[in-house]
Amino acid sequence: MRILNASLFFLLLLLIWQFLVWAEIWSSVLIPSPLQVGRYLISAIEDGTLLSASYVTIKRLVQGYAVGMLVGVPLGLLNARFQLFEDTIGVLALGLQTLPSVCWAPLAILWFGQTEKAMFFIVVMGSIWSIALATDSGVRNVSPVYIRAARTLGSRGFHTWFQVIVPAALPFIISGMKQGWAFAWRSLMAAEIYITILTGFGLGNLLHYGRELHAMDAVIGVMFVIIAVGLLVDKVVFSPLEHFMHEKWGTQRSIR
């Protein structure tokens, strides 16, 4: 039933969009019809452009996000454990988290040039701080009852941290990883729009070239692909994992 409702809703939006273009309320030059966008997507799939760009983008995303996660999670744990880290790295992370990812592009180009390293740097900087802050927040949300119970049973030091606190914080850490992935995705799009390299053209590059050529069907088509990839990863990877963790740890909240 939910799938049917969602399908009908999006179908209605497409019909309204098509009608507005047919009625010339919207200019087909600035906002092409769904049929024009669909024709572009079909042609881009047939000639391999879209699939190749998607592969390049996802490869870059996985590499940058993996490093952001491997660094961000330990940083978050250190911030939650030590006051010194909270007062230094924690404040730095909070400040850099508010910085839009696109702001890293000029520095990346100056430091690394038009290279894969520049894109990698932007993705890492766009994700690492959100993951660190979410991990820190998750650890601090662990119920003190768990810690007191563990210490009553003789748990101390690292044993308490890695056998009680970190497992209890896993649902929140997973949510932070999901948030970090979203920031990494946005950072990569900004990087690909600003940086053009011969080692591979991603979805952001297609978006940029569509704008330069005033091919609005390409621009909107690539935007749909970017949204579709984001939704797919969320629904297939993060949402099931997040739901499993919250359900297993009994932290699932429902307002229905």
How far does [atom1] of [X] sit from [atom2] of [Y], to the nearest 0.5 angstrom?
X	Y	atom1	atom2	value
Q63	M119	CD	CE	12.0 Å
D87	F82	CG	CZ	13.5 Å
E192	L207	CD	CG	10.0 Å
L35	D217	CG	CG	12.0 Å

Do [X] and [Y] share a hydrophobic cluster (ILVMFWY, side-chain heavy atoms under 4.5 Å, transitive)?
X	Y	answer
V233	M69	yes
L99	V71	yes
F224	I45	yes
M125	L107	yes
I16	V21	yes

Task: Candidate list Q114, H208, E116, test side-chain contact (heavy atoms from CB on, under 4.5 Å), partner I195, passing option - done: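 Of all the options given, the one that passes is Q114.
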
Under 3.5 Å, side chain of [X] to main-chain N/O of [Y], donor-acceptor pair present?
X	Y	value
S43	R39	yes
Y40	V219	no
W17	P32	yes
S130	S127	yes
S52	T49	no
T57	L203	yes

Task: Side-chain heavy-atom pair T88, L92 within 4.5 angstrom cut-off - done: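 SC-SC contact between T88 and L92 ruled out.
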
Open item on the list: Which residue is it: W104, F120, F121? I am looking for the one with a ring pair (Phe, Tyr, Trp, His ring centres under 6.0 Å) to W111.
Closed with: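 It is F121; the other options fail the test.
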
